[in-house]
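First the structure, in the form of structure tokens, and then the observations on it.
In what follows, chains carry the letters A, B, and so on, assigned in the order in which the sequence lines appear, proteins first and then strands, with residues in each chain numbered from 1.
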Amino acid sequence: MTFKLVSIFLIGAGLWACSSVNTVVVHSTAVNMTNEQKTNQQIDSMIMPYKDSLSLEMNEVIANSATNFSVKRPNSNLGNWVADGIFVNQTKTVRLTKPIICLLNVGGIRSTINKGSVTIGDMFKLMPFDNEIVWVELPVSVIPEIEEYLKKSGGEPISNAILKNGKLIFNNWNENSSSFWVITSDYLMNGGDKMNFFTKKLSVNKTGTLMRDALITEARFQTVIEEDTTIRISF
Amino acid sequence: MKRREFVQHTFLVTGGILIAGNALAFQSKKKVPKLTILHTNDTHSNIDPFPSNHAKFPNMGGVSKRFELIQKIREEEEHVLVLDAGDIFQGTPYFNKFGGVLEMKLMTAMGYDAATMGNHDFDGGMDGFLKAQKFADFPFLCANYDFSNTILKDVTNANVIFQKGKIKVGIFGIGVELQGLVPEDKFGKTIYLDPIKTANEQASILKKKGCDLIICLSHLGFEYDTDKVSDRLLAQKTKNIHLILGGHTHTFLEKPVEEKNLDNQIVLINQVGWGGVQLGRLDFEIDKVIFAKKDLIIVK
């Protein structure tokens, strides 16, 4: 209510041309939390039981990795491994009639897999979100939208199909089918990363299986994690 | 080895017209009322420090160090507020395994005074949040999430007022649009209210209640290339807010950023990255203004 009557000119450091106001100083600092700072025993003892129980589980070695895996667009060994892992996990005991692909998102793969032993903790870093695997039935007419999406995004992890010259080529295409399955995460199906083509879904099968759990199962089964560097996305 | 770094910046805040006098009176020996605001955002369940082989933040962060530092500041300063701008959950197995309970217990132990909800605080669903929130002895401020048709009805507040010595501080919380960011089944019948309109209403309410300093805890994000509502936009399109403590975009700022609000007054915006690698600190040293109950206006 009084500001409009105030004319203030700041000249140099802390000199006022008009001193009809009182001043307040705001100091701001961002304190970096480095390991030179002291820890606190009271808090450490609060964390300890949780930490110990986590360590037991997280430090378990489930496989060995033959190489370093990382994710990038349009293709990457990690993108391929994750998409294949989810696909195989979901389809190995299923008889497929419709065409089917696994389509995930680069953004959902949050870490690397490093050469050497792979632990449960590594899988949590890779997939920290508790996303569930879902099967989404889409009409064949939606394929151009998926191609367009992949082109725009620069590529996403895919399995059982490739994008060649911007066109989606299924490994198990079926001329007679008017729809196909996409194995993906509930996050993407529900509009995450703006994969809007999922709104045209015909049906959904929820699996109750977390993406991370499926990958842990597959890593255990594989024992040694090998890379597949096939080019799956090209425009 | 780097010593603890202090990035220090100074802003001036005016307190409206008083009797003409020494504007720099606060520099005299007399102790001026002071409020220390400590803040975090996007801590993302980072309870332990980052590992020593972390590419960006080796050994940094960790709740134990943050607790110790907050304790030390409390010993030095009489009036301290500790605030968090959301995304407390998700990012380490502590969340996956314990659902956020430990995060809430630790924030309570650190004496957090208020927090707002980020999009990831919905990751366990609203029932998951509710279970963890029972361990929080501080209010969650969510002015623009209408939870009345959900299980979070009456669990959160729009705003809270703290009397810190002579300084009356009003704080409200503003969240980001959940549609497209959070699976629908996790936010259910939450109604998203316009952040700018709500912020203006809240600031006005707090001003009428006599708050000297009005703070918005925001999880909107610092700024975008698009016209999506951000802290910068919020600052420009509102009035009566002095300080926006933000989150969501994991932005590290060298110093608080200034925006001009609808009344052409300065609003300070601050954010401290993510993962608890920094603790933000703002010290407001306020002179006679408070005794005179005039508006606080920030000037350069």
Side-chain angles (χ1 to χ4, degrees), chain A residues 1-6 8-10 13-16 18-44 46-47 49-51 53-54 57-58 110 120-121 124-125 128-132 186-187 189-194 196 210 212, chain B residues 2 4-18 20 23-24 26 47 49 59-69 90-91 93-94 96-98 102 105-106 109 180 183-184 255-256 265 272 276-289 294-295 297 299-300:
Chain A
M1 69 194 81
T2 51
F3 177 67
K4 286 178 186 92
L5 303 171
V6 187
I8 311 144
F9 302 97
L10 181 63
L15 288 174
W16 295 86
C18 167
S19 59
S20 62
V21 291
N22 272 43
T23 58
V24 179
V25 180
V26 189
H27 295 288
S28 105
T29 59
V31 187
N32 281 334
M33 307 300 289
T34 67
N35 63 350
E36 308 221 333
Q37 252 140 355
K38 272 193 261 167
T39 54
N40 181 281
Q41 225 170 0
Q42 182 195 338
I43 282 286
D44 289 341
M46 260 179 91
I47 297 171
Y50 292 88
K51 190 175 173 146
S53 131
L54 266 190
E57 185 179 343
M58 293 300 147
R110 310 292 285 196
I120 296 267
F124 268 85
K125 282 181 200 152
F129 308 124
D130 288 343
N131 289 325
E132 180 187 338
D186 56 347
Y187 170 77
M189 180 187 74
N190 287 320
D193 275 11
K194 299 204 165 61
N196 296 329
L210 297 183
R212 181 179 53 245
Chain B
K2 263 189 192 170
R4 177 167 69 178
E5 280 175 20
F6 285 94
V7 187
Q8 181 147 4
H9 297 277
T10 301
F11 291 87
L12 297 170
V13 181
T14 72
I17 293 180
L18 289 172
L24 301 174
F26 66 89
I47 286 160
N59 297 318
M60 290 184 72
V63 166
S64 185
K65 283 184 273 181
R66 198 190 323 156
F67 178 93
E68 185 69 19
L69 180 62
Q90 191 73 269
Y94 281 107
N96 306 87
K97 289 292 159 187
F98 310 116
L102 184 57
K105 284 183 176 176
L106 294 173
E184 274 174 42
K255 57 176 183 172
Q265 294 165 359
V272 285
V277 303
Q278 284 185 344
L279 179 70
R281 175 174 180 168
L282 293 147
D283 291 291
F284 285 75
E285 288 176 22
I286 305 179
D287 202 3
K288 296 177 198 160
V289 178
K294 297 286 183 184
D295 285 1
I297 300 159
V299 299
K300 276 192 102 165

Using 0.5 Å steps for rounding, measure from the CG atom of Leu106(B) to the CD1 atom of Ile47(A). 5.0 Å
Spatial distance of atom CZ (Arg66(B)) from atom CD1 (Ile43(A)) [nearest 0.5 Å]: 9.5 Å
Got a second to check how far Leu279(B)'s CG is from Gln37(A)'s CD, nearest 0.5 Å? 9.0 Å
If you round to the nearest 0.5 Å, how far is CG of Leu102(B) from NZ of Lys51(A)? 11.0 Å
Can you list the residues that meet the side chain to side chain contact (heavy atoms under 4.5 Å, CB included) rule with Lys38(A), with sequence neighbours excluded? Glu68(B)
Across all chains, not counting sequence neighbours, the salt bridge (charged side-chain N to carboxylate O under 4.0 Å, His left out) partners of Asp130(A) are Arg212(A)
Flag the one option from Pro93(B), Gly62(B), Gly91(B) with the top tally of heavy-atom pairs under 4.5 Å to chain A. Pro93(B)
Where does Lys97(B) contact chain A at under 4.5 Å (heavy atoms): side chain, backbone, both or neither? side chain
So, the part of Met58(A) with a heavy atom under 4.5 Å from chain B: the answer is side chain
Can you find a pair of side-chain heavy atoms, one from Thr39(A) and one from Lys65(B), that are under 4.5 Å apart? yes
Checking the side chain of Ser64(B) only, and the main-chain atoms of Asn40(A) only, is there a donor and an acceptor separated by less than 3.5 Å? yes
With rounding to the nearest 0.5 angstrom, report the NE2 to CZ distance, His27(A) to Phe284(B). 11.0 Å
Using heavy-atom distances under 4.5 Å, tell me whether Pro49(B) contacts chain A through its side chain, its backbone, both, or neither. neither
Smallest separation among heavy atoms of Met46(A) and Ala109(B), with atom names: SD-CB, 4.0 Å
Measure the CG-CZ distance between Leu54(A) and Phe98(B) for me, rounded to the nearest 0.5 Å. 4.0 Å
Answer whether the closest heavy-atom distance between the side chains of Asn190(A) and Glu184(B) falls below 4.5 Å. no
Residue Tyr50(A) versus chain B: region with a heavy atom under 4.5 Å: both
Step by step, would you call Asp283(B) with Val26(A) a side chain to side chain contact (heavy atoms under 4.5 Å, CB included)? CA-CA 5 Å; Asp283(B) 291 291; Val26(A) 189; over 6 Å; no
Between Gln278(B) and Asn32(A), do the side chains contain an N or O donor and an N or O acceptor separated by less than 3.5 Å? yes
